[in-house]
Engineer: 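This structure is in structure tokens; I'll ask about it shortly.
Atoms within a ligand are numbered from 1 in the order they appear, just like the ligands themselves. All values reported here derive from a predicted model rather than from experimental measurement. The chain is numbered in sequence order, starting from 1.
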Amino acid sequence: MKYAILNGKMIARSEAKVDVEDRGYQFGDGVYEVIRVYNGKMFTAKEHLKRFVKSSESIGIYIPYTIDQLTESLEELIEQNKLHLGTIYMQITRGVAPRNHAFPTADVTPTLVAYTKEVARPEDSLNSGVKTIIMEDIRWLRCDIKSLNLLGNLLAKQKAADEGCFEAIQHRGQDVTEGSSSNVFIVKNGVVITHESNNLILKGITKDVILQVCTDNNVQVEERTFTLEELEQADEVFLSSTTSEVMPIVEIDGKKVKEGLTGPVTRKLQELFEREIAKQCGNLKHEFLL
Ligand code: PDD
């Protein structure tokens with residue numbers, strides 16, 4: 001039987017139900033996280049949980065557990081579900097209250113849910129890269145909050161899917177922001193460039209690991225806004241996320257990036273990222289790079 005955690009209790013996944021007046025269901029009034037599990041161990045758990053608390057507090061939802069308590073219960077969930085390779089999805093909402101846009105004035109208990117899913121590594125795409133489209137970023141101006149309100153992201157991802165692509169690279173005017181569920185990087189003359197972590201993008205945990213390995217390995221990085229023109233003229237383009245890792249982008253709007261092959265800097269960052277996983281979670285069985 002698969003288990004889920006609902007408000008601190010480990011229960012059967014099929015029993016994990018919420019009320020129709022849960023504010024997450026009605027308003028998207030909550031935040032979430034997706035954490036990768038390799039070899040039955042969470043990767044960058046602390047960073048994800050810190051972001052979870054930060055997102056949550058930024059909308060005035062206070063999680064009634066410490067990061068250590070959350071870590072412990074997620075570890076127990078992994079064990080109960082015998083999860084080896086997959087993800088943990090967790091979300092917190094403001095709770096159940098009569099429908100009203102303003103926050104409930106009475107004391108409301110937030111609804112906290114976590115469950116697991118088996119997810120393979122996207123080995124083929126990590127090798128040969130993915131196709132993308134470009135799309136205007138129509139989202140709100142607090143993309144730094146990992147909000148449940150994902151309509152803008154969903155519409156972008158669906159347009160990409162409709163065009164047989166993996167991801168939509170979004171832009172505001174001439175400036176590239178991020179993917180619908182990923183951060184976007186370009187490489188020019190050996191320099192790795194990605195949007196600064198401000199209110200216009202989500203500060204990706206994978207992005208931060210990549211920036212750290214760049215710094216540790218003397219790969220030059222620039223965290224700054226880059227334009228659609230720079231994207232078009234880049235030597236290499238890749239995206240990053242918890243489930244996509246360091247994912248080469250080989251086509252944008254039907255045009256190949258260079259020769260349409262994974263570039264050398266992207267390849268190097270994939271190797272360095274793989275080492276980070278191994279450091280925290282042990283060596284992986286299927287080494288797609290070999
Ligand atoms: N998406 N930007 C957006 C808009 C995202 O939704 C995500 C992650 C990222 C990358 O963040 P991280 O490296 O911390 O996963 C950037 C998750 C995986 C999702 O919604 O499923």
Side-chain angles (χ1 to χ4, degrees), residues 24 28 30-38 42-56 58 85-92 113-122 125-126 130 132-161 166-172 175-185 192 194-214 223 225 237-247 249 269-270 272-274 276-277 280:
V31 299
Y32 76 104
E33 272 301 326
V34 181
I35 306 177
R36 198 50 159 130
V37 173
Y38 300 103
M42 283 184 279
F43 179 63
T44 52
K46 200 172 222 136
E47 290 80 357
H48 280 281
L49 291 173
K50 272 193 189 161
R51 185 174 66 185
F52 189 51
V53 172
K54 195 167 173 223
S55 285
S56 185
S58 73
L85 181 64
T87 55
I88 296 175
Y89 177 81
M90 65 192 298
Q91 69 168 47
I92 189 161
V113 176
Y115 62 90
T116 63
K117 190 166 122 188
E118 283 173 25
V119 184
R121 297 182 75 195
S125 306
L126 287 170
V130 293
T132 58
I133 58 164
I134 296 178
M135 208 181 143
E136 183 72 39
D137 193 336
I138 59 162
R139 301 172 303 159
W140 70 332
L141 297 173
R142 288 302 307 273
C143 296
D144 54 319
I145 300 173
K146 205 160 168 56
S147 157
L148 296 180
N149 285 280
L150 288 174
L151 266 181
N153 308 59
L154 306 191
L155 292 175
K157 186 69 107 187
Q158 188 54 39
K159 185 153 187 287
F166 178 76
E167 180 61 299
I169 300 175
Q170 302 173 102
H171 63 95
R172 289 187 193 266
D175 295 339
V176 174
T177 50
E178 63 177 340
S180 71
S181 62
S182 60
N183 293 114
V184 177
F185 297 69
V192 174
T194 189
H195 198 287
E196 65 271 37
S197 291
N198 60 13
N199 64 310
L200 298 181
I201 67 159
L202 183 75
K203 183 173 162 59
I205 304 299
T206 321
K207 171 188 191 236
D208 281 350
V209 173
I210 293 167
L211 293 178
Q212 189 60 50
V213 297
C214 283
E223 242 189 313
T225 312
V237 185
F238 65 91
L239 59 82
S240 74
S241 82
T242 293
T243 46
S244 298
E245 304 180 2
V246 179
M247 180 66 78
I249 292 176
L269 293 177
Q270 286 183 322
L272 294 171
F273 190 76
E274 192 86 359
E276 288 306 307
I277 299 173
Q280 291 188 31

Engineer: Filter the ligand 1-protein atom pairs down to N or O on both sides and distance under 3.5 Å, then list them.
Structural biologist:
| from | atom 1 | to | atom 2 | distance (Å) |
| --- | --- | --- | --- | --- |
| ligand 1 | 1 (N) | K146 | NZ | 3.4 |
| ligand 1 | 2 (N) | E178 | OE1 | 2.7 |
| ligand 1 | 13 (O) | I205 | N | 3.4 |
| ligand 1 | 13 (O) | T206 | N | 3.0 |
| ligand 1 | 13 (O) | T206 | OG1 | 2.5 |
| ligand 1 | 14 (O) | R51 | NH1 | 2.9 |
| ligand 1 | 14 (O) | R51 | NH2 | 2.9 |
| ligand 1 | 14 (O) | I205 | N | 2.8 |
| ligand 1 | 15 (O) | T242 | N | 2.9 |
| ligand 1 | 15 (O) | T242 | OG1 | 2.5 |
| ligand 1 | 20 (O) | Y32 | OH | 2.7 |

Engineer: Give, for atom CG of L126 and atom CE of M247, the distance between the pair rounded to the nearest 0.5 Å.
Structural biologist: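 These two atoms lie 4.0 Å from each other.
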Engineer: Where the side chain of T194 meets the backbone of V184, is there a donor-acceptor pair that is under 3.5 Å apart?
Structural biologist: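 Yes, because the side chain of T194 sits within donor-acceptor range (under 3.5 Å) of the backbone of V184.
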Engineer: Decide, yes or no, whether a salt bridge links E136 with R172 under the criterion of side-chain N to carboxylate O below 4.0 Å.
Structural biologist: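 Salt bridge between E136 and R172, a charged N being under 4.0 Å from a carboxylate O: no.
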Engineer: Just distance, no hydrogens or angles: give the donor-acceptor pairs under 3.5 Å from side chains in residues 42-50, sequence neighbours left out.
Structural biologist:
| from | atom 1 | to | atom 2 | distance (Å) |
| --- | --- | --- | --- | --- |
| H48 | ND1 | E33 | OE1 | 2.7 |
| H48 | ND1 | V34 | O | 3.3 |

Engineer: Can you tell whether the side chains of K203 and D208 come within less than 4.0 Å, N to carboxylate O?
Structural biologist: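 Looking at K203 and D208, the cut-off is met.
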Engineer: Is there side-chain contact between V246 and F185, with at least one heavy-atom pair below 4.5 Å?
Structural biologist: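 Not touching, per the 4.5 Å side-chain cut-off.
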